[in-house]
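Quick notes on the structure that follows.
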Amino acid sequence: GENVEQHPSTLSVQEGDSAVIKCTYSDSASNYFPWYKQELGKRPQLIIDIRSNVGEKKDQRIAVTLNKTAKHFSLHITETQPEDSAVYFCAKNSGGSNYKLTFGKGTLLTVNP
Amino acid sequence: EPEVTQTPSHQVTQMGQEVILRCVPISNHLYFYWYRQILGQKVEFLVSFYNNEISEKSEIFDDQFSVERPDGSNFTLKIRSTKLEDSAMYFCASTREGELFFGEGSRLTVL
């Protein structure tokens, strides 16, 4: 119940195209789903998150969708730019008060100019 | 903007030596964590700490690892006898009620 499956592991797009990364989980208690961006040698940084009481959240070019019934959530980046190139990690909590996060294996996004 | 700070940024040590990694979480946060990231791999949970005690730990967090909050600001991770496979980036994180804030990380290299 702890694992998060993330796909694809690598994604290469042309500047201006959209990128979609998907994650699935099995723990029904999870109710918080953040996405982190990690540039080479840097810390993971939160870019967007969603809680289980909503199905979609958008922040400028970034959006996240959640299907709690099917237990999957996705990150959508529109109008990609070279500076979007990084490793993106999905994560989920365990549903309790611990706030511990379990991370997916990451997606290396490359945006080609 | 407040942030989690970690020291040292990089430590090189010999196998079998003890290492202490230090973290100062954000001051009004209540939950503290250590995560590990082996180069090129995912971020793995090690331990969570709340109300001055460990609230959860992973299988990775064996008897060689310990955590401590010696005063009101610092949160430390000790590895008693380092192994080659302990080489990784160690991230401290803290939260008040959900969003996890990560420190810049401490890169540990065990030779």
Side-chain angles (χ1 to χ4, degrees), chain A residues 1-10 21 23-25 27 29-54 57 59 64 66 86-110, chain B residues 1-7 9-10 21 23-26 28-51 53-61 67 88-109:
Chain A
E2 286 287 338
N3 285 341
V4 182
E5 297 294 325
Q6 182 172 347
H7 298 282
S9 56
T10 61
I21 304 169
C23 288
T24 59
Y25 63 99
D27 185 357
S30 298
N31 56 17
Y32 175 65
F33 306 90
W35 286 88
Y36 285 82
K37 176 182 180 182
Q38 188 178 34
E39 296 175 347
L40 191 62
K42 301 281 185 69
R43 72 180 113 187
Q45 294 214 297
L46 180 72
I47 54 170
I48 195 167
D49 58 12
I50 191 167
R51 296 186 186 274
S52 59
N53 54 346
V54 299
K57 184 176 176 181
D59 182 3
V64 58
L66 170 66
V87 178
Y88 290 81
F89 291 95
C90 65
K92 69 166 190 70
N93 70 347
S94 303
S97 58
N98 186 319
Y99 302 113
K100 178 192 97 175
L101 294 181
T102 300
F103 285 78
K105 289 188 175 180
T107 297
L108 174 61
L109 174 65
T110 304
Chain B
E1 188 173 325
E3 59 176 28
V4 177
T5 58
Q6 288 186 241
T7 53
S9 56
H10 189 191
L21 306 179
C23 170
V24 179
I26 295 173
N28 65 345
H29 285 186
L30 304 174
Y31 299 84
F32 315 118
Y33 308 84
W34 283 99
Y35 283 82
R36 179 183 83 174
Q37 187 177 33
I38 295 170
L39 187 63
Q41 297 188 21
K42 70 175 180 179
V43 180
E44 298 176 290
F45 168 76
L46 291 179
V47 65
S48 58
F49 194 87
Y50 171 73
N51 202 24
E53 60 182 20
I54 290 175
S55 50
E56 189 173 346
K57 58 184 180 180
S58 71
E59 291 177 354
I60 303 168
F61 195 88
V67 290
M89 182 74 94
Y90 289 81
F91 290 104
C92 175
S94 69
T95 186
R96 184 165 179 83
E97 53 180 11
E99 179 182 344
L100 228 56
F101 291 82
F102 284 87
E104 292 278 10
S106 293
R107 178 166 297 285
L108 176 64
T109 302

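No hydrogens, no waters, no symmetry mates; every other heavy atom, side chains included, goes into these values. Treat the numbers as computed from the prediction; the structure is a model and nothing was measured. Throughout, a chain's letter reflects where its sequence line sits, starting with A, and its residues are numbered from 1.
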TODO: In sequence, state the C-alpha distance, the side-chain angles, and the governing distance for B:Q41 and A:F103, and then conclude on side-chain contact (heavy atoms from CB on, under 4.5 Å).
DONE: CA-CA 10 Å; B:Q41 297 188 21; A:F103 285 78; over 6 Å; no
Task: Neighbour count >12 (heavy atoms, 6.0 Å) for atom NZ, B:K42 - done: yes
Task: Side chain, backbone, both or neither of A:Q45 within contact of chain B (heavy atoms, under 4.5 Å) - done: neither
Open item on the list: Taking side chain as everything from C-beta outward and backbone as N, CA, C, O, which of these in B:Q6 sits under 4.5 Å from a heavy atom of chain A? Side chain, backbone, both or neither.
Closed with: neither
- [ ] Please confirm whether the backbone N or O of B:S48 pairs with a side-chain atom of A:Y99, one donor and one acceptor, at under 3.5 Å?
- [x] no
TODO: Would you check if A:Y36 and B:L100 make a side-chain contact, meaning some heavy-atom pair closer than 4.5 Å?
DONE: yes
- [ ] Report the option among A:G106, A:A91, A:G104, A:P34 that has the most heavy-atom pairs separated by less than 4.5 Å from atoms of chain B.
- [x] A:G104
Open item on the list: Which atoms of B:V4 are under 4.5 Å from chain A, going by heavy atoms: the side chain, the backbone, both sets, or neither?
Closed with: backbone
Open item on the list: Using every non-hydrogen atom in the two residues, find where B:E104 and A:R43 come nearest and quote the distance to one decimal.
Closed with: OE2-NH2, 2.8 Å
- [ ] Among B:E44, B:M89, B:E99, single out the residue with the greatest number of heavy-atom pairs under 4.5 Å to chain A.
- [x] B:E99
Task: Rounded distance (nearest 0.5 Å) linking atom CZ of B:F102 with atom CG of A:L46 - done: 9.5 Å
